[in-house]
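We count residues from 1, following the sequence as given. We use all heavy atoms of the structure for the numbers below, so side chains are in, but hydrogens, waters and symmetry mates are not.
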Amino acid sequence: MLCKLAFRNVKRQIGNELIYFMTVAFTVAFMFAIDQVLFNQTLYDYAVRRELQGGMIGLILLISVVVAFLLSYASAFMLRLRRREFGIYLTCGMTRRDVLRLFLAENLLICVAALAAGILFGLFLYQGLMGMVSMMLEAEFAAAPYSVKGTWFTIVLVFAVFFVSCLLAARYLRRVTIQELVKGQQKRVKNVRYPHVWAVLTVGGAAGMAAALFGLQGWIHSYLSGGSTMLPLLERMFLLLGSMILFHISLAHSLMHMLLKRKKLCSRGTNTFLFRQLSASLHTNAAMMGMIACLLALVVIGLDAVFMDRLSAEAMLLSYCPYDLHYVHTCDQVNRDGRLSLEEAKEVVERYTTIEKTIPYTFYADGGHVLYDHTKFSGSGYEGIEDSYIAESEFNALITPLGFEAVELSDSFLVVADVDVAEQFDDPELVLTLNGREYDFAGVRTDYPEFMFRYVYAVVPDEAVEGMGAQQYHEVYELSGTDFDAHALDRDLSYKVEYGGRQRYNSEFIIREYERREDNARVAFLSVSVMFAAGVLLCMGMALLALKTLTGLAEDKERYRVLSLIGVGMRDLRRVLFRQTFLFFIFPLILPLACGIPAAALVQEILRINHMELFVRAAGMTALAVSGVILLLYLLYYSAAYLIARRAALWE
């Protein structure tokens with residue numbers, strides 16, 4: 001009997017259940033796709049080798065927590081949406097246990113249908129994720145096999161979360177009275193007390209968000225210069241999110257009150273009705289709106305950060321490894337067992353690819369620290385740091401193949417430094433005395449690649465380094481191609497060393513292809529994780545908005561019926577309902593989308609600071625793409641919510 005009634009109710013309530021069904025199906029699709037990625041044996045073995053299994057476990061925990069919160073909250077909304085129906089069942093003689101069993105049976109039918117639809121959609125989503133991962137790993141893409149373990153893990157997790165949501169429903173049905181179920185919680189439009197105070201708080205929330213964004217800009221400069229930790233970033237993020245919540249709460253309390261005070265505006269058509277409807281809904285849901293806005297803002301910032309990481313990784317690689325292969329030997333370094341000689345290492349390289357060009361260069365030291373005296377690495381504790389010098393001819397041999405103009409020094413020296421260190425070289429009277437000869441300061445450059453991993457060094461005429469001791473010997477190589485096993489080459493060029501009581505591998509060679517593939521793997525796993533979390537958070541935010549809209553339809557239907565009785569036509573009723581639902585939906589979405597503008601600007605500023613101008617436009621296009629995806633999902637959920645609301649409230 002209950003099964004028949006549950007099946008009939010699901011068919012009858014198919015319109016109202018659509019939002020819940022969509023949310024569960026989308027969530028299952030994301031879960032299925034990410035579980036298949038995690039249980040893909042090739043990727044799993046790769047992650048274990050690269051010590052990424054901890055991140056994978058954390059990702060699984062994130063899936064469980066987010067999905068449990070999402071479906072439990074959605075179940076609670078659905079329960080409150082049908083409270084009058086359940087109250088009638090209790091009035092007619094059904095026990096609370098029967099009502100609970102009926103609700104669970106209905107949810108189970110929806111859950112099974114959503115599970116099937118989600119897995120079907122997840123089949124294609126998984127292939128898309130694997131295509132993206134393969135592209136980032138620069139591996140040949142083929143149809144990825146599906147994992148039985150991943151499928152069962154998804155099914156078990158979905159039903160576990162379903163069980164948690166059932167416990168929440170049972171708790172509510174045991175405590176609620178029949179009168180509360182039948183009559184519902186009548187909403188009263190209360191007059192806003194102290195509207196001017198709320199207006200001031202609105203301005204304060206906006207000021208807090210602006211201060212957080214400017215603070216983030218300042219933190220970026222400080223962090224890139226090595227003068228800040230991650231703690232100020234967390235403080236500014238908490239300020240941004242807290243100010244956003246305060247802004248939505250205070251704006252919801254003050255905006256409609258101020259609009260209702262404008263008699264001329266309220267006298268036009270149905271504006272008074274619209275403002276009162278919005279005042280009631282926004283006043284009640286202000287805190288929830290602020291939380292949803294925070295979630296969406298985190299999605300926007302997170303996605304922008306992931307794509308920025310991708311762009312910056314490519315740009316940093318060009319700076320860190322400008323040539324295909326880089327050999328670094330510190331001249332006072334003690335020889336270790338297992339280390340290959342330079343000639344032996346070249347023979348190893350030749351087994352994988354061909355060395356087409358070799359550029360040797362040497363850094364020298366004279367025991368002085370004049371250059372470091374102009375940096376923060378001077379004074380007590382830094383006495384052992386020595387200045388480094390490179391001959392002009394060797395430096396030009398390095399930079400000209402990379403497209404830089406050759407430097408021309410005549411009785412002068414050029415400082416090459418990091419961005420933060422370069423700001424301290426503002427003494428035009430700086431003079432170096434080398435080999436009994438004085439050299440004038442010719443300026444400072446920060447745009448060259450890292451030929452030596454020091455904060456600062458000087459390019460000097462060739463005769464200035466005569467008689468100096470060699471500090472580091474380098475060779476860079478241009479290889480014939482990159483279609484070789486970079487990981488195997490790195491392994492063959494490495495040797496074991498004791499470090500902190502543990503053995504680890506070390507190498508005097510930096511292989512650009514190896515570093516690039518490692519960056520691609522890290523970015524691929526990070527991108528998949530963030531995109532999954534973003535997808536779930538987006539679905540959760542939109543579903544909460546849609547379900548919250550539908551919970552007030554019972555009262556709205558009576559109000560719209562009264563409005564029609566006083567002469568308002570159906571066309572105007574549709575227009576009012578559209579404005580009411582649209583403004584309610586758009587209210588928590590405006591600021592997160594607006595946050596995309598300063599977020600993109602900060603990303604572009606970071607790229608410019610690191611001399612990555614080629615990627616600035618790509619960062620802007622990425623921000624637009626993120627906003628576009630959010631808007632598409634918003635339109636999907638809003639369209640479903642509006643059509644259901646119009647059917648329920650306007651008796652069409």
Side-chain angles (χ1 to χ4, degrees), residues 21-50 52-53 55-60 62-64 66-67 70 111-159 161 299 302-303 306-307 309-310 313 516-540 542 621-622 625-626 628-633 636-637:
F21 176 82
M22 285 171 50
T23 304
V24 176
F26 281 145
T27 304
V28 170
F30 283 120
M31 289 175 55
F32 177 82
I34 203 70
D35 288 342
Q36 292 294 324
V37 171
L38 294 179
F39 283 93
N40 182 287
Q41 192 61 43
T42 302
L43 290 179
Y44 183 80
D45 293 341
Y46 186 89
V48 170
R49 291 198 305 270
R50 301 293 169 252
L52 294 174
Q53 65 268 38
M56 297 175 70
I57 295 173
L59 182 60
I60 294 175
L62 175 65
I63 293 171
S64 303
V66 172
V67 171
L70 166 64
C111 184
V112 171
L115 179 63
I119 290 179
L120 181 62
F121 178 53
L123 295 174
F124 300 98
L125 183 60
Y126 166 60
Q127 297 297 337
L129 286 178
M130 287 302 299
M132 184 186 72
V133 171
S134 299
M135 180 183 65
M136 291 184 177
L137 296 179
E138 298 187 0
E140 184 178 352
F141 174 71
Y146 295 97
S147 169
V148 177
K149 291 182 180 179
T151 304
W152 277 111
F153 182 79
T154 303
I155 295 173
V156 171
L157 186 58
V158 169
F159 280 105
V161 173
V299 168
L303 290 175
V306 166
F307 285 104
D309 187 50
R310 171 67 176 173
R516 187 171 63 83
R517 294 184 181 183
E518 287 294 292
D519 284 342
N520 288 344
R522 177 183 57 81
V523 173
F525 279 96
L526 179 63
S527 300
V528 170
S529 304
V530 173
M531 289 178 68
F532 166 74
V536 173
L537 289 177
L538 281 173
C539 288
M540 181 173 66
M542 298 304 173
M621 298 301 295
T622 297
V626 170
V629 171
I630 294 176
L631 282 175
L632 285 176
L633 190 61
L636 177 63
Y637 268 93

Check your understanding: Got a sec, which residues hit side-chain contact (heavy atoms from CB on, under 4.5 Å) with I155, two or more places apart in sequence or on another chain?
Key ->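 Testing I155 for side-chain contact (heavy atoms from CB on, under 4.5 Å), a comparison that skips the adjacent residues, returns L115, I119, T151, W152, F159.
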Point to revise | Point-to-point distance, once rounded to the nearest 0.5 Å, from CZ of F32 to CZ of F121 | key: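 So the CZ of F32 and the CZ of F121 are separated by 12.0 Å.
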Check your understanding: Of the non-hydrogen atoms in A33 and G122, which two are nearest, and what is the gap between them?
Key ->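 So the two residues come closest at CB-O, 4.2 Å.
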